[in-house]
Structure formats: structure tokens, C-alpha cells
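Report on one structure; see the data block that follows.
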Amino acid sequence: MSPALPLLLAALLAGTGTYGVLARRHAVLMLIGVELLLGAAGLLLVTVGQFAPDPLASGAVLTLFVITIAAAEIVVALAVIMAMFRTRGDVDLTGEALSADEAGSTAGGTATGEATPAVEAPTGDAATEPETVAP
Amino acid sequence: MNEVLDLPWPDWEIPRLPLPHLPDIPLPDLPVTPAQVAVLLTVVAAVLGLAVGRRASRPAAWVAVLTSGLVLATTVWQLYVVYELGGVQVSRTVGALAFGELSVPLELVATRLSALVAAVVALVALVVQVFARWYLWYDPRYRQFSATVSLFTAAMLLVVLSGDVVLTLIGWEVMGWCSFLLIGHLSAKDSANRAAVKALLVTRLADVGFVIGLIWLAAGAGSTSIERIIGHWTGVGPDGTATRVPEAAQGALALAMICVVIGVVGKSAQLPFQDWLPDAMEGPTPASALIHAATMVAAGTVVLAQLFPLLQAAGPARLLLAVLVSVTIVLAALLAFAQPDLKRLLAWSTVSQVGLMLAALTVVPSGAGPDVAITHLISHAWFKALLFLTVGWMGVLTGGTVVRYVVSSTKRYRSLRRPMGIGLLALAGVPPMVGFVSKELVLAQAEHGVQDGVGPAGTIVLAAVGASVPLTAAYCMRAWLILDRGPRRAPAPAPRRAQEHQMIDDFFEEPDVVEEAIGIEEAESAISSSARAAVALLGFFSVVGGIVVFTPRLQLDVTINLQLLVAALLLMALAALAVWVVSRGVGSRDAAARLPMRVSLAGERGLGFDRLYRVLVAGPVLSLAHGVQWLDREVLDAYVRAAGPAARLLGAVLERTHPRRPAPGLVLVLGGVLVLGLIGVVLT
Amino acid sequence: MTSRDVLFAAVGLITAAAAVLAVTNRRVLHAGLWLVVALGGLAGCYLVLGAELVALVQLLVYVGAVVVLVLFALMLTRAGAGEVDTSVAHRWLAAAVGAGVTVLLGGTLVAAYGWESRAVAGASNEVIGAQIFGTWVWPFELLSLLLLAALVAAVAVATTGHGRQGRS
């Protein structure tokens, strides 16, 4: 069969996942985007493994590893989300709800500080360049 | 000079007495060798001694004495086995270790000499255990003491029977730590703690050289087996073919052996490390007997005897050793004379006598073995253990070993008279005691070495050994005069306190109060019969032990120069006479009381070597430590401490600039990544 | 076009559609359910590609465990759900980035591998098993540690929230 089909599907899943991560404010829905990205990675690995086999079976083995890591990641992420939900009352990642409801509450402030970077690491990079962030 | 004194006296060859033909016991094919049993049994004794009988010391004493007896029997059996096997018995321990290119066979090797030394060590250990049972009867920590003695013996046996420098190092280290425990046994005393720490630190400092030297030797040979090390460095192949050793290797051998000699000198309390040994007298007397007689200080001689061909090949190391021990022999003998405490006198005499053993190793003519040094080691083990145990016994009776306590104690306690007399005679080297035999051998060997051309070392050693003969006689005579001073007045007809048995308090009023009769009675009852028997056994060996010289066990290729012998005896007698003359008129008959106050004080303090150690070693080390501490606290820690505030500061700055809206930023970041990827793809 | 191509195209279409729906659906629970479909479809894709073991693990771990967790989390946090999507402009931007990723990745990969048909010859399950417990055994053991750490961390994080709530 042609390797183009699975590769295109992997690209599509990656794009969809990226969109999901970027367009959602609900933390769990954002996590769904992450899952799709990981699925794309797995599909790419399996495809390459099936079409260009190697003696170490690295395509299949690494996919299994990715799945395992994804399971670990999602457990921790969901735990963080639950903690965030309990302290803030919502799972909004844009921070607008915070500024609307609980801007003065220090507890809310620390919860954001803990929860947000754990869910998505690149936010830290965004924070270092505040002038580029559009409100 | 030889021509001047050339009297027509013949030299005297030592006759070789054949051993009585032993009944031909067939060697049973045992799964273990005596060497393994001896080492293992003492270790087991140490563990068991600690484990059994937490409340009473009786089980611990049984364990210690029984195992010591078994070990003695094993080592005597080993003597026979080694003799039957023709000299060497090799036995394995835990098997060879896999260390890559370095072969570590970890074997025990019992040779003619090491089997003999092991038997002597086992004998002294047994005697010490028996004696300690009595001496430390009321000590609540007897268990720990006897276990430590067992472990100490195990370590010494390991060193003696070791065929591998790794085993030697293990035994050496364990002995160092056990000596720390034994010297500091009376840990409630500050002086005991100080002495223990001092002994540990001083020997440890010297051990640095020892470890470096042995590692150097082993690394060069590619093996830790002593046999292979000797073979490598002396250029003798495994099949006996001799090859020329290159110059560079000889230089390396000299340096490595100098390192080893430094370690040996430290453990044997020779100059400049001599000062720990007299302080180590703070330990209980049985411990002193063990440390001084057969184990720790003699370990250096044993190791050098094992490495003897290397010492012969390394001229500079031999010269260094000869100079150090020669100075020590004379200095320690002089200091021994000035000591106001009998135990310290014995300690300094040990320093001097160990110097003699080591000196005997440096003047061996080519072709001969280290037998003379081992002979002196064995004879010293007997008479020094005897002296220490007797002095300990006397200390219990008189309440102390300081001169003013022990004055005329052999007159008061008649049972002390014989062991003390034998011990001092043997120490002084009066014929026919064992000390005489071994010392004459050392002297003869030194003379022989000078004639054979062992270089300047021979002359120095001969001078020192010659000087030590009258000096030893002098301090022995001094001790005997003090101990054997007659009562000054006629004894009172009836003892005032016939019913009272508090001996020790009485002696502050001696000698008017305590009668000779009581003295005998209490001295007899004060010591247990087994301890007495042990002391008597040592006394017996000190008298007749010289016979061992005439057996084929020892191969002594020296001829006794009769002129030298007579001269030595004359010097001895003259020194004794001089001391006797000087002591007349002194109340305590202490010849050293005639010394000026400053001299005797300096002698008591070991000539201020303590201070020298402080200035030369402790001071620099401490200031270095302070420097490192300052560096650590003020320089290195500053970074670590600064990390906290810096992170907090950065956090505060970032918190202020953070928009708290991650989602929009994320789009930009990912968009940027995308653009970068695109650029990458397009460019490639 | 072989039958395998046809089969893959069908399963792939389902997967892609479910994935798009999972990230665009405004109803939270539905999005989660579409994720189930997408991941199940992915398992189907693996199956078609001939990697049975990976497909089974995908079903077992993702559909069986992860998605259940996600659904639970969604249900538990539904109370605070207001707006689930960002603003329209932001979404357009995100769509542009997503499309860019798709085009870039797809273009690169297809350019690298081409359209022509190739034989599917992946490693057999025996080989995979032998490799996991042979070559890859240390990463494998490390992963088990990672899972344990994640478990403990999740419990710790979740309980911290409890304590805070209990105090306040």
C-alpha cells in the first residue's frame, strides 16, 4: 500500500491537535488536543516502522512507550486540573475568569501559578515576552 | 680497628641441633588449612564474645580463652604441617577477586618464619586473654575488651600469614582501629581518650605512606600477591629465571619501599612517630602487653620480613630505615632511663627493642634471610609480655606503677620477684635468657653486615646496637634497684590491720604498715591461679626460649664473634655497676633521681615531640581545615545562598510582567515554531 | 489502490472526522466522546497497517483507561464550564497554525516517502516482545518507574487540593 495515506492522516491529526490545544480554553478539552498530537506521533512511528522495518522493532516499541508516557502524563495533568478546579472553581486557561471573579484572592493566584505551567509548558516562554501577547 | 683487637679467639658457629625425630604423624587431608582456621576462629571469637552473655562476663571469658587455646593448638599444628610440607603452605581465602588486569589472589601463605611468628602471637594472645580475665574481673566492659583482643589477634594473624598485600592492608587497618579501642578502653579518662586518638592519628598519618607504597608495588607487578610482587621487582620470573631490572624500576622500587618504610616506622613507633607508644600506656595492662609484645609494633617487622628481598634491593629505603631506627634505639633507651613511671619505662624500652628488630633487617648480608629480626621479635614477645603482665599485676597490688608506689615491691610481694627478675634480665640480655641470645644475634649480624659491606647503614646500626647494650642494662638495673630496695626499718612485729583486706589504700603509708607477710599472702590470693600460670609460662619461655635458635626452624647464617660478645657483656656489667653506684644514697634507690630536674621532666614528656607534632602536623592541618571551611562557607555557599534570593527576585519580576493569559501566547509560540519549521523545510 | 488502501482510507476518514469534531464541538462531553471515536479509529489504522499489538494496546490504554479518565474529569469539572472556546479571532489564528502544521508535516512526509506503493513488513509480535525485554529493557523499566511516580504525584496533587479546601 502507499505510505502517503497514513502519513497524511498523521499530519492531519497533528494539525487538528494543534488547533485543539490553541483554540480551547477548557483545560480538559485542551488536553484532548494533546492526546491527538500524541496519537499523530504514534501513527507516524507505526507507519515508518511498518514500511521501513528495522531489527530493533523500534517503530512498534517506541509507540508502546509513547502510549505509556501519555497515560502517565494524562493522570498527572488531570490531577492538576482537578486541584485547579477545586481551588478556582473553573478550569479556564485564558485567565479571564480569574480577572473577573477572583483577582484579589491570593489563593487563586497561587493556584494559577502552579496549575498552568504544568498543563502546558510553553506558557512560560510566552510570559517572558509580554509585549508580544495580544490581549 | 679490627687488627688492634685481633685476639686469637675463634668465631663461634651456631651449632645446628637436629629436631628430635617427630613421630611421623600422617598429615590428614583436611578441607581447611591451619592458617584459615586460625584467622577465622579468632574472628568468630570476636563476634561470639560480643554476642554471648550480655549480663555476665563469664561466657565471654570462656569464649575468649577457649578459642585462644584452640588457635594456639592450630598454629602449633601449622608449624608441624609447614615443616612436613617443606616450607610453604598456601591456602585460599575468599577466592581471587576479578579486578581486570590486576590479579588479586587473596591467599594465605604459611612459611617457615610466619608459622613460627603465628604460633608466638597465638601464645601471647592466649596468655593475655587469661590474664585479662583476672585483671578486668570487675570491669563492666570486659566483654568488649576480650572481643577486641580477639579481633586484634585475628588482624595480626592475618598480617603474619598474609600472602597478599590486600590482606596485609586489611589486617593492618583492623589492627589500627583495634588499638584505638584497646588504648581508649577506660574511656572515662580524658588521658585515655587522648592517647587513643593520638595513637590512631599518628599511625594513620604514617599509614598513608604504607598504603601508597603497597599500591605502588602491586600496581607495578600487576598483582597483589606478595610472591609475584617480589618476583616482579627483583626480576625473578615465576620459573626462577633472573632478568635484569631496569634502572627506572629500581628507582621506583626505592621510592615505593621508602613509603612502606614510613608506614612501618609509624606502626612500630620509631622516630619520628615514636611518641604515641608511651602515651598508649593509658590502656589496660593486658592491652599494652598485647600491643607491645607480639602484635602491633611487631607487625612492621613482620611485613618487612615478608617483603625482605625488596628491602634488600632498595638501598635508599634500607638506609633511611637504618638511620631512623638507630637514632630511635639510642634515644628511646635514654628516655626509658629517665621515666618516673615503670610502665612508661617499659614502653620506651619497647620502642628501643623494636628498633633493634628493624635494625636487624637493614644489615643482612646478601644471601641471608630475615631470621635474626624474627628471632628478636619472638624473644621480645616473650619477655616483654612477661614484663607487662607482671607490672600490671604489681600495679594492682601497689595501686600504681609510678616509682614512688612500686618502691621495694618485689620485697613486699615475693611472688612478683621471680617473673620480674626474669623479665628484666631477659630485657637486659643477660645470659642465658632469651634476650641475650637474640640480642647477641642482632649484634653479630650487624658486625657481619659491616664486614660484608652493606654500606654506611651497617656502621650506623652497629654503633646504635652496641650503644643500646649498656643503656638497656642501665635502665633494667635502675628498675630492679627500685623494685628490690630492702625495707628501711625492721618490720613491726604484729600487723596493725591483720583483718583488713583493703590492700591498695594501705600503700600510701607503706612500707611501715604493710608487712612482708601480708604482702605475700595477699599477692598470692590477689591473682587467679590461671593468670599466674600464664605469667609463669611466659617466664619459662623467657628463660629457655633461646633454644629455638638452635633448631632448623631458623636459618641463622651468622657466626658469633666472641670478642664482641665478651665486650658486650662487659659493657653491660659496667653499666649496671655504674647505675648501682649512682643509686646509692638515694632514698628510693632510683638512679634517675640524680638526673637534673629539667632533664627528667623533658624525658617524661618525650622531649617535647608532642609539641613538634602539633606545630608540624596538627597546626597546618587545622589551619588548612579552617581555610577550607571558610572557602566553603564564604565562597562556595555564597552562590548557593544567593540562588534563593535571586530566584525569588526573578520570580517577582516575572510575576509583575506576566499577563496571566496563557492561551494567546501559546498561539504565537506555536505559530513561531511553525514558521521556523517552514523555513527549515524550504531551506533544505 | 489495493484493498488495504481502501480500508485505510475508510478508517482514516472516520478518524480524521472524529478528531476534527473532538476539537471543535462546543459541548464538552460530546468532544470527549468524539475523542473516543478518534482514538478507536487510530487503533483501527494500526490494525490496517499490520501492527496488531500496538492497536490492542491503544485500545486498552487509551480507549479503556485514558478516555474514561478524561470523561470523568469532564463530568467532574462541568460545573464551572462557561465558554469552552477562545474568541473568534483567536480561533482563526489557531486554525491557521493548525492548517500550517498539517500542510508542512504532510508535505514534508509525503515528499520524503512518495506515493508509490510499498510492501507492509513490520516486525512480528514475537520480535517486538523479544526486543522490549532485550534491547529496550532499561527504558522499559524506567517507564515503569515513571508510571509509579506519576501515580504517586497524581495522588499527592489531588490530595493537596483537598487539604486546602478543608482548611478554607
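Proteins come first, then strands; the chains are lettered A, B, ... in the order of their sequence lines, and each starts at number 1. Basis for what follows: all heavy atoms, side chains included, without hydrogens, waters or symmetry-related copies.
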Hey, could you give me the [atom1]/[atom2] distance between [X] and [Y], rounded to the nearest 0.5 Å?
X: Phe51(A); Y: Leu49(C); atom1: CZ; atom2: CG; value: 6.0 Å
X: Met82(A); Y: Leu76(C); atom1: CE; atom2: CG; value: 4.0 Å
X: Leu5(A); Y: Leu13(C); atom1: CG; atom2: CG; value: 9.0 Å
X: Leu44(A); Y: Leu105(C); atom1: CG; atom2: CG; value: 8.0 Å
X: Leu8(A); Y: Thr47(A); atom1: CG; atom2: OG1; value: 10.5 Å
X: Glu35(A); Y: Ile74(A); atom1: CD; atom2: CD1; value: 3.5 Å

Taking the side chain as C-beta and beyond, is there a heavy-atom pair between [X] and [Y] under 4.5 Å?
X: Arg24(A); Y: Tyr19(A); value: no
X: Arg118(C); Y: Tyr113(C); value: yes
X: Leu147(C); Y: Leu143(C); value: no
X: His30(C); Y: Leu35(C); value: no

Looking at [options], which has the largest count of heavy-atom pairs under 4.5 Å with chain C?
options: Ser2(A), Ala60(A), Gly49(A), Gly39(A); answer: Ser2(A)
options: Gly17(A), Ala70(A), Ala52(A), Gly42(A); answer: Gly42(A)
options: Ala71(A), Ala57(A), Ala10(A), Ala40(A); answer: Ala57(A)
options: Pro3(A), Ala14(A), Ala4(A), Ala23(A); answer: Ala23(A)
options: Thr18(A), Ile67(A), Val75(A); answer: Ile67(A)

Steps toward side chain to side chain contact (heavy atoms under 4.5 Å, CB included) verdict (Val76(A), Val157(C)): CA-CA 8 Å; Val76(A) 177; Val157(C) 170; 5.5 Å; no

Would you mind checking which part of [X] comes under 4.5 Å of any heavy atom in chain A, side chain (CB onward), backbone (N, CA, C, O), both or neither?
X: Leu69(C); result: both
X: Thr24(C); result: both
X: Ala99(C); result: neither
X: Leu42(C); result: side chain

For [X], which atoms come within 4.5 Å of any heavy atom of chain C: side chain, backbone, both, or neither?
X: Leu43(A); answer: both
X: Leu56(A); answer: both
X: Leu13(A); answer: side chain
X: Leu78(A); answer: side chain
X: Leu12(A); answer: both
X: Thr68(A); answer: both

Thr16(A) (side chain) donor-acceptor with Val20(C) (main chain) under 3.5 angstrom: no

Polar side-chain atom of Ser58(A) near backbone of Asp54(A) as donor-acceptor pair, under 3.5 Å: no

Contact summary for Val37(C) and Ala18(C), nearest pair of heavy atoms: CG1-CB, 3.6 Å

Could you have a look at [options] and say which one has the most heavy-atom pairs with chain A under 4.5 angstrom?
options: Val103(C), Val54(C), Val110(C); value: Val54(C)
options: Ala153(C), Gly50(C), Gly129(C); value: Gly50(C)
options: Gly106(C), Gly98(C), Gly107(C); value: Gly98(C)
options: Ala119(C), Ser117(C), Ala123(C); value: Ser117(C)
options: Val155(C), Val48(C), Val70(C), Ile132(C); value: Val70(C)
options: Thr102(C), Leu53(C), Val57(C); value: Thr102(C)

Chi angles and distances behind the side chain to side chain contact (heavy atoms under 4.5 Å, CB included) call for Leu38(A), Glu73(A): CA-CA 11 Å; Leu38(A) 284 168; Glu73(A) 166 255 330; 3.6 Å; yes

Per-residue contacts, residues 58-68 of chain C versus chain A, heavy atoms under 4.5 Å: Gln58(C), Val61(C), Tyr62(C), Val66(C)

Aromatic plane relationship, Phe65(A) with Phe140(C) - under 30° parallel, 30 to 60° tilted, over 60° perpendicular: tilted

